[in-house]
Amino acid sequence: MWIIPGSGSLRLCKKPFVLRGLVFRSYATKTSDPLRILFCGSDEFSIAHLKALHAYHLKQPERISSIDVVGFTLRFLEWLRFLIQFPSVPLKAAASDLSLPIHEIDTFTGWTPPTSPNGHINLVIAVSFGLFVPPRILNGAKYGGLNVHPSLLPNFRGPAPLHHTLLAGHTTTGVTVQTLHMKHFDHGAILSQTPAPGFEIPNPESCTVPELVDFVAPKGAQMLVESIEKGLFVPPIANAGAEQTGELKHAPKITPEDRHIKWANWTLADINRRNRVIGPLWSKALCASNPVDGPLSFQQKRVILTDIEEVDPPEGCDSFSIVPGLPFTNAPHPVKPKKSRQLYVFTVDGKVLRINRMKVEGEQDAEGLRAAIKARMFGDRAFQYEGRELTPFRNSLV
């Protein structure tokens, strides 16, 4: 028998009910006032949770009486994407599709939650939201705040848990529903959590962040709805977090420096994983310039490797494996582009990457060898090795 809570009483049902792919199982719960929710979100992950809450609101209006949505203005969202890598999914459009009121803000400073005819907001829910919800707003909500975090907290605290889960090579992950802490992100009481070791990540060796979001979001949405059904947010709150052993991993924001290749340390597997998870990687190369009224000069320019792949080493290139990150080409000096000529580089574990395309700072994305020639990256002579000429850069990528 399944217990379906009603207003002021409990109703019994023989099986759980299903709505839009979500299974809402009900249990003996702590009762609460009808919830007037302030939902704060930004991206695809948060939108999945908003849709689940709205579906439950339609099915159980006596449990959730209203949902107001807080999102960022377009200008602020563009800045936030640069800062913490949020994808540009319009929460405003999702709220409009659900006929929910939306409030666009850049900051909580000077902003007051709306009041409905039924009363003040009494529960704040923040999912994948980049602003800290201040104590002023949490204290004004009778039941405080909730957050859904896509990790087994306290592991992978921070704004980019899915990125760091994949970067660490983990094959399992989970979701956590926690309270919103008054002072710190991701330090609230854990109300519900995927049992350790978590659920299997589909195709972990090829999984991307958007694919993992699509997989994890429905699980987090269901856990949030079940936590509301059970009244886990109603005092006294019981912390359901499992005891953690070992060193905790963190999930700080992804920055451009995370894409900067460390040739002396990163293996081919490291490079491929980072390229898959956080996008095209970059390095720096020494480029020559010859001003009309001055001597030849050199400067380091950023080089974004937009298309790379592992290949078999070209003949006669063994000497280049001594210096990981030293690009070379199977062409004599002076280097000229031809169909059979390519740009290569060794990794620290002796593998060879072919640089099919790259973008040199100040230039357009182009075929790898042509981009290197145009930027004048090559040295003044070729190397002879086993009767073959191979031309290296002036120095290694850094």
Side-chain angles (χ1 to χ4, degrees), residues 2-7 9-71 87 89-103 114 116 118 121-129 141 143 145-150 174-178 180 191-194 199 210 212-234:
W2 298 91
I3 305 172
I4 307 299
S7 179
S9 64
L10 295 177
R11 293 182 285 116
L12 299 183
C13 179
K14 293 183 178 179
K15 60 181 181 179
F17 58 92
V18 179
L19 183 60
R20 296 183 185 178
L22 294 172
V23 180
F24 299 140
R25 295 181 174 86
S26 295
Y27 308 84
T29 67
K30 292 184 283 186
T31 60
S32 69
D33 298 340
L35 296 178
R36 297 177 294 279
I37 294 174
L38 184 69
F39 182 90
C40 307
S42 64
D43 61 2
E44 193 71 66
F45 186 75
S46 58
I47 288 172
H49 291 71
L50 177 61
K51 289 180 178 179
L53 287 173
H54 181 257
Y56 184 63
H57 159 63
L58 295 178
K59 189 69 179 181
Q60 296 284 321
E62 69 275 14
R63 299 302 304 274
I64 298 179
S65 66
S66 66
I67 304 174
D68 279 74
V69 179
V70 170
V89 178
L91 182 70
K92 181 178 180 180
S96 297
D97 290 343
L98 300 174
S99 298
L100 297 175
I102 183 164
H103 312 273
S116 72
N118 296 323
I121 294 294
N122 58 12
L123 179 65
V124 180
I125 298 178
V127 181
S128 197
F129 191 59
Y143 301 112
L146 299 180
N147 167 252
V148 181
H149 194 79
V175 291
T176 301
V177 174
Q178 61 176 331
L180 288 175
L191 304 183
S192 184
Q193 189 172 68
T194 307
F199 43 74
L212 191 54
V213 167
D214 290 343
F215 180 71
V216 174
K219 300 178 184 296
Q222 175 132 1
M223 183 177 289
L224 175 61
V225 170
E226 289 183 349
S227 297
I228 288 176
E229 274 198 295
K230 299 174 188 178
L232 299 184
F233 56 90
V234 179

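A quick note: this is a predicted structure, and the numbers were derived from the prediction, not measured. We're numbering straight along the sequence, starting at 1.
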Task: Nearest atoms (heavy-atom pairs only) where H49 meets A221 - done: NE2-N, 3.2 Å
Task: F129 vs N147 side-chain heavy atoms within contact, under 4.5 Å - done: no
Task: Minimum-distance pair of heavy atoms, taken over all atoms of D68 and P114 - done: OD2-CG, 3.4 Å
- [ ] Measure the shortest side-chain to side-chain distance between L100 and F39 over non-hydrogen atoms and say whether it is less than 4.5 angstrom.
- [x] no
Task: I37 CD1 to Y56 OH distance, which is reported to the nearest 0.5 Å - done: 10.0 Å
Open item on the list: For V216 versus P150, what's the shortest heavy-atom pair and its separation?
Closed with: CG1-CB, 4.0 Å
Task: Sole residue of L91, D97, L98 in side chain to side chain contact (heavy atoms under 4.5 Å, CB included) with I47 - done: L91
Task: Nearest-0.5 Å distance, CD1 of residue I125 to SG of residue C40 - done: 9.5 Å
Task: Side chain to side chain, T176 and T194, heavy atoms closer than 4.5 Å - done: no
Open item on the list: Any non-hydrogen side-chain atom of S32 less than 4.5 Å from a side-chain atom of Y143?
Closed with: yes
TODO: Calculate, to the nearest 0.5 Å, the distance between atoms CD and NE2 belonging to Q193 and H149 respectively.
DONE: 10.5 Å
- [ ] Give me the one residue out of V127, L180, L191, V124 that meets side chain to side chain contact (heavy atoms under 4.5 Å, CB included) with L146.
- [x] L191
Open item on the list: To the closest 0.5 Å, what do you measure between CG (L232) and CD (Q178)?
Closed with: 13.5 Å
Task: Residue pair A95 / V69: nearest heavy atoms and the distance that separates them - done: CB-CG2, 4.0 Å
Open item on the list: I'd like to know whether V234 forms a side-chain contact (heavy atoms from CB on, under 4.5 Å) with T31, so could you lay out the CA-CA distance, the side-chain angles of the two residues, the decisive distance to 0.1 Å, and finally the verdict.
Closed with: CA-CA 8 Å; V234 179; T31 60; over 6 Å; no
Open item on the list: Nearest 0.5 angstrom please: K51 NZ to S46 OG, how far?
Closed with: 10.5 Å
Task: Spacing of CD1 belonging to I67 relative to NE2 belonging to H54, to within rounding of 0.5 Å - done: 6.5 Å
Task: Donor-acceptor under 3.5 Å (S128 side chain, S42 main chain) - done: no
Task: Over all atoms of both residues, closest heavy-atom pair of H57 and I64 - done: ND1-O, 2.6 Å
Task: Under 3.5 Å: donor-acceptor pair, side chain of N122, backbone of R36 - done: yes
